[in-house]
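These notes concern the structure reproduced below.
First listed ligand is number 1; within each ligand, the first listed atom is number 1.
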Amino acid sequence: MEDKKIIFSGVQPSGILTIGNYLGALINWAKFQDENNCIFCVVDQHAITIKQVPAELRRRTYETLAIYIACGIDPEKCTLFVQSHVPAHAELAWILNCSTMFGELSRMTQFKDKSKRHHDNINAGLFTYPVLMAADILLYQTDLVPVGQDQQQHIELARDVAARFNQSYSETFKIPVGFIPKTGARVMSLQDPLKKMSKSDENVNGFVSLLDDKDTIMRKFRRAVTDSDTCVRRGEGKDGINNLMSIYSCFTGKTDEETEKEFDGRGYGEFKEAVGIACAEGLAPIQEKFKELMNDKAYLEGVMRKGAEEANRMARKTLSKVYRKVGFVGL
Ligand code: TYM
């Protein structure tokens with residue numbers, strides 16, 4: 001019991017999850033659940049930093065939770081909940097805002113990217129988003145945060161803010177560590193392999209959604225941008241092939257050497273076909289389970305309710321400690 005680690009992570013319900021989310025994050029979450037205390041959150045409060053259609057946000061919140069479970073995350077072993085069901089996240093975020101510097105937030109690359117893409121809606125929430133993320137993590141005295149590469153900077157910030165708070169008010173938060181996988185930490189767009197694969201990409205051929213059917217998956221991989229070489233081998237300037245090799249490795253467990261040998265003397269066409277098949281086969285059981293779960297809203301709501309209760313209990317403990325430390329009057 002004592003040496004069980006606390007694992008926390010989350011995904012925004014801002015679109016159907018992609019194989020980037022799956023290979024960078026979710027696939028690893030399930031691996032932690034037997035030996036640790038795992039807490040996984042659908043971060044709906046984060047999602048509204050970008051304009052959302054309310055009915056779609058609501059539907060995607062159910063879908064994201066269903067995808068967690070369909071990916072093998074067991075609600076009996078883990079705490080699965082929706083962020084807005086646990087008010088302590090927003091409450092702690094306010095306190096941490098007062099321990100986070102404007103300059104630190106200005107350096108966040110995701111803020112810079114998103115404010116370029118959504119220049120008509122550069123709201124304060126988008127700017128302070130990493131503070132809410134720090135609150136998510138720190139509320140649970142988290143040891144380990146399994147995420148993709150793009151979240152590393154946010155985790156660094158959470159660590160800095162926690163250390164600063166501890167220094168000002170005495171030891172309060174555990175300093176969390178990020179867990180970023182060796183392969184799959186940064187799945188790139190199939191159309192522009194210098195750009196991260198994203199569920200909000202307006203070019204649907206750039207990403208493979210976890211719910212794409214086999215034909216769509218095959219078509220997207222066939223169209224994947226590669227280079228003028230013909231040899232299936234990693235290399236500088238071969239970003240498209242490097243990306244496909246990583247995806248292939250994640251779905252098949254094969255090393256790069258094994259893949260190079262397997263496709264020795266065969267062209268890119270055959271390789272793309274094989275990556276498509278491996279991906280479609282990997283996703284088929286997830287899709288089947290997902291459909292089943294989406295037909296049972298009552299079950300999903302039961303999971304949300306149980307998760308919210310557990311998360312509220314844990315989060316309140318940390319929040320009341322924080323309130324005491326900063327000098328708020330308790331009644
Ligand atoms: P989000 O919703 O953008 O992505 C969810 C998870 O998927 C990973 N990911 C990727 N990994 C590899 N390749 C990609 N192309 C790719 N795209 C996304 C992300 O790194 C992430 O792990 N801020 C977070 C959500 C969040 C959170 C948290 C995470 C809120 N609070 C607390 C951990 C702990 C986000 O926007 O992830």
Remaining members of M101's ILVMFWY cluster at a side-chain heavy-atom cut-off under 4.5 Å? none
For ligand 1, what is the set of protein residues having any non-hydrogen atom at a distance below 4.0 Å? F8, S9, G10, V11, Q12, G20, N21, G24, A25, V43, H46, Y129, M133, D136, I137, V145, V147, G148, D150, Q151, G184, A185, R186, V187, K196, M197, K199
Parallel under 30°, tilted from 30 to 60°, perpendicular over 60°: which one fits the rings of F271 and Y248? perpendicular
Kindly write out the residues that satisfy side chain to side chain contact (heavy atoms under 4.5 Å, CB included) with D150, not counting sequence neighbours, or none if the list is empty. Q110, R186, K196
For K182, which residues count as a side chain to side chain contact (heavy atoms under 4.5 Å, CB included) partner, sequence neighbours excluded? none
Just do the side chain to side chain donor-acceptor pair (under 3.5 Å) check on D44 and H85 with the steps written out, would you? CA-CA 10 Å; D44 55 349; H85 294 162; 5.9 Å; no
Under 6.0 Å between ring centres: does that hold for F127 and F102? yes
